[in-house]
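Remarks on the structure that follows.
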Amino acid sequence: ISVATTRPETLLGDSAVAVHPQDERYANLIGRRVQLPLTTRLIPVIADSFVEREFGSGVVKITPAHDFNDYEVGQRHSLPLINIFTPDAKLNENAPGPLQGLDRFVARRRVLEALDALGLIERIDKHKLMVPRGDRSGAVIEPYLTDQWYVKIAPLARPALAAVQSGRIRFVPENWNKTYYEWMHNIRDWCISRQLWWGHQIPAWYDELGNIYVARDAAAAKAQALAKRGVEVLLTRDADVLDTWFSSALWPFSTLGWPRQTSELQRFYPGSVLVTGFDIIFFWVARMIMFGLKFMGDVPFREVYVHGLVRDAEGQKMSKSRGNVIDPLDIVDGITLDALLAKRTTGLMQPKMAPAIEKATRKQFPEGIESYGTDALRFTFAALATQSRDIRFDMGRVGGYRNFCNKLWNASRFVMMMVAEGQIASSQVPAQHRSITDRWIHSRLAGTIRKVDEAVASYRFDFAATALYEFTWYDFCDWYLEFSKPVLQSDDAAAAAATRRTLLDVLETLLRALHPIMPFITEEIWQKVAPLAGRAGPSLMLASWPKAPLELIDAAAESELDWIKAFILGVRQIRGEMDISPSRKLPLLLRNASGTDGDYFARHQLYLERLAGLETARIMTPGEQAPPCASALLGELQLLVPMAGIIDPAAEAERLSKRLAKIEQDLAKTRAKLENENFVRNAPPEIVNTERERIAQLDRTATSLRQQIEAVRKL
RNA sequence: AGGCGUGUAGCUCAGUGGUAGAGCACUUCCUUGACAUGGAAGUGGUCGCUGGUUCGAUCCCAGUCACGCCUACCA
């Protein structure tokens with residue numbers, strides 16, 4: 001009968017051939033014996049349902065000593081285990097004499113030649129298969145029978161599974177539960193012995209008869225042996241060491257002094273949270289849980305925060321053995337491409353990998369790495385800590401956050417300058433002197449800290465980083481600092497004092513909130529700012545985390561500021577799209593102003609004129625005829641910039657038409673929605689209402705735009 | 001083969017059952033006394049594909065394609 005094999009040399013260790021029990025082709029052979037070629041052995045034909053009838057010839061050679069499946073089959077059928085290899089994969093004394101001592105691959109050729117000579121080769125086919133190789137050496141791995149130490153896993157796995165199912169341990173993000181369950185359900189007995197020279201040595205001793213004594217130390221083993229044998233005998237200790245993960249599984253308590261009952265152990269076990277990558281949930285996390293429950297009688301930690309893995313430009317995870325890691329210090333100090341290549345490609349465990357590593361490195365860092373601050377790097381990783389499993393490292397991101405560090409630094413310089421110009425800033429400033437912008441920035445800050453608190457509590461460090469980034473740059477720098485300038489330059493000493501105080505308070509609080517992510521810059525600035533804010537201390541590290549003062553959240557101030565910002569943005573839009581230089585001050589007319597508009601306009605002229613770059617601004621009298629103007633809309637209010645000598649009517653008409661087109665598109669979509677009876681009938685009333693309001697608003701805007709376009713086109 | 005996951009702007013990534021977001025890059029204008037590592041205004045996406053559920057799907061469900069990871073294995 002014919003069998004197929006990809007490893008012909010292993011036939012020397014065959015102890016059966018197997019067919020499927022229901023395979024009629026071979027039914028008459030089951031139970032009979034066949035002659036194993038190149039040997040004198042007769043081996044049985046057995047039936048086992050693991051054989052796939054359609055695959056190959058439908059007959060499988062069974063080599064229990066050198067194949068995982070065959071081993072199982074061998075156990076089921078009580079087949080002999082014939083080891084044909086030495087530990088370095090040469091043929092041993094179980095092979096026919098002429099083949100003994102040959103390397104496995106040489107032997108493979110010889111076996112084929114011998115079979116061919118006997119006319120026993122039916123045919124040779126191309127066949128693609130995955131050959132298992134050692135990660136480090138690249139050598140083809142040969143299944144090989146040895147005696148090893150195992151941990152019976154079921155009694156450990158059961159409570160470890162329950163600990164997560166019952167919620168005593170919580171994975172964040174939660175979906176890692178599934179992965180953990182999958183692993184724990186399919187877990188196999190754990191081979192814990194390793195033939196390495198480094199590690200915890202297996203605590204087992206042998207006497208000359210092969211008796212085994214497992215004990216805490218040599219003396220205890222000796223005592224056991226004496227008790228058993230009645231005489232003192234020479235013991236030798238097992239040379240193997242424990243699997244590194246076995247030792248690591250002890251970490252949560254062994255680091256605290258276990259097995260001694262230290263005060264550290266009592267205080268810090270169990271820990272509150274374990275932060276780790278998902279690649280070692282199986283290897284490490286699961287085993288810490290099993291051992292913690294076994295040896296300490298309690299879980300080792302309450303929560304497991306699982307973060308993503310940093311990958312290189314090729315999407316490969318960064319690892320020492322791949323040689324694609326980025327040393328954070330290389331980002332902080334900067335490194336040339338040549339130096340980086342040299343660093344990555346020398347001393348590799350697999351020199352063959354060098355070209356691939358070089359290619360990936362050139363792709364990701366075509367010009368090497370310039371120097372970035374530690375804080376920028378830290379901020380980058382905080383911002384990258386999303387719930388995604390993969391973090392593809394992007395230098396553009398680091399650059400963005402470096403700019404952010406710079407922004408904070410310069411904003412602080414501004415605050416210090418402004419405070420130095422005035423007198424004592426730490427004096428109490430009555431709340432009634434606070435301007436609308438002071439109230440607004442306090443409100444925004446309170447909201448930001450609340451967001452950060454929530455983000456950190458839910459392990460969304462990316463949200464925390466984003467909230468702080470947005471507040472610092474957009475609210476504080478882009479708007480508040482600009483608002484503060486006209487106030488500080490005004491004659492209103494009380495308002496200026498309130499603003500100085502606000503600048504200091506907000507910055508000082510912000511520094512405390514930013515400190516965990518960017519400790520260096522914030523510490524440096526805080527040392528100067530904190531005394532002025534009346535909060536001095538030896539280090540920002542010891543300052544308290546800011547409390548979100550929810551009573552400072554001020555919806556009225558925020559909505560009024562929205563109006564101010566929209567006003568300024570409207571004028572800036574005209575300026576930007578018409579390419580008008582910021583240095584050119586513009587006249588402005590207000591048409592259709594409501595009472596509120598008039599009110600706001602009168603109260604906030606200081607801000608509006610400064611930030612919008614206005615020369616003059618006034619509300620038009622009823623019935624007043626406007627000159628040709630470029631326009632922006634703020635609800636019903638029209639902001640009109642006379643074009644004379646500044647703006648080309650055709651360009652303005654085009655600009656407005658573009659806006660109108662967008663609005664009409666929106667309008668059409670919204671109309672279609674409201675014309676759909678099903679929508680009106682089934683959608684929640686508040687949704688239908690917002691759509692109706694929208695359409696009214698869009699309609700007014702469109703009408704207004706059309707008038708403006710018409711007016712401009714007449715010119 | 002089984003399990004888990006990803007596919008959103010040129011790149012790296014957030015996000016939501018009700019008109020798509022950020023950073024970087026790009027375009028235009030600007031060296032205004034915190035900052036050109038800056039300011040202002042913009043361009044850019046049929047949210048992998050096909051069906052289904054729904055008044056409405058980028059989001060929910062099913063299928064499909066591509067990619068990734070883990071585990072097991074490949075006569």
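Proteins come first, then strands; the chains are lettered A, B, ... in the order of their sequence lines, and each starts at number 1.
Nucleic acid contact for R460(A): sugar-phosphate only, since backbone atoms but no base atoms lie under 4.0 Å from a heavy atom of the residue. The residue F404(A) sits apart from the nucleic acid: no heavy atom pair falls under 4.0 Å. As judged by a 4.0 angstrom heavy-atom cut-off over every strand, R413(A) is placed among residues touching the sugar-phosphate backbone only. Looking at heavy-atom distances under 4.0 Å, D478(A) makes contact with sugar-phosphate atoms alone, never a base. Among the atoms of the strands shown, only primed sugar atoms or phosphate atoms (P, OP1, OP2) are found under 4.0 Å from some heavy atom of F463(A). Nucleic acid contact for D70(A): none, since no nucleic acid atom lies under 4.0 Å from a heavy atom of the residue. The residue Q489(A) sits close to a base: some heavy atom pair falls under 4.0 Å. Using a 4.0 Å heavy-atom criterion, one finds that F283(A) contacts the sugar-phosphate atoms exclusively. Nucleic acid contact for D279(A): none, since no nucleic acid atom lies under 4.0 Å from a heavy atom of the residue.
OP1 or OP2 of U19(B) has not a single side-chain nitrogen or oxygen of Q665(A) nearer than 4.0 Å. In this structure, N406(A) does not reach the G38(B) phosphate: none of its side-chain N or O atoms is under 4.0 Å from OP1 or OP2. OP1 and OP2 of G42(B) both lie 4.0 Å or more from every side-chain N or O belonging to K658(A). A close approach under 4.0 Å does occur between a side-chain nitrogen or oxygen of S388(A) and OP1 or OP2 of A14(B). OP1 or OP2 of G39(B) has not a single side-chain nitrogen or oxygen of R575(A) nearer than 4.0 Å.
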Run the numbers on E174(A) and K178(A) for salt bridge (charged side-chain N to carboxylate O under 4.0 Å, His left out), then give the verdict. CA-CA 8 Å; E174(A) 207 174 345; K178(A) 280 192 240 167; over 6 Å; no
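If you measure from atom NZ of K407(A) to atom P of G38(B), you get 7 Å, rounded to the nearest angstrom. If you measure from atom CG of L611(A) to atom P of U32(B), you get 16 Å, rounded to the nearest angstrom. Atom CZ of F414(A) is separated from atom C1' of A34(B) by 7 Å (rounded to the nearest Å). Distance, M418(A) CE to A34(B) P: 5 Å, rounded to whole Å.
The aromatic rings of W245(A) and W284(A) sit tilted relative to each other, their planes meeting at an angle between 30° and 60°.
When the P atom is used for both A40(B) and A22(B), the distance is 14 Å, rounded to whole Å.
The only member of D70(A), D67(A), D14(A) that meets side-chain hydrogen bond (donor to acceptor under 3.5 Å, both in side chains) when paired with K61(A) is D14(A).
Checking A22(B) for Watson-Crick or G-U wobble geometry (two distances, each under 3.5 Å) identifies U12(B) as its partner.
Taking the six-membered ring for Trp, W176(A) and Y180(A) have ring centres at least 6.0 Å apart.
Here the side chain of F679(A) is nearest to one of G18(B), G5(B), A72(B), namely G18(B).
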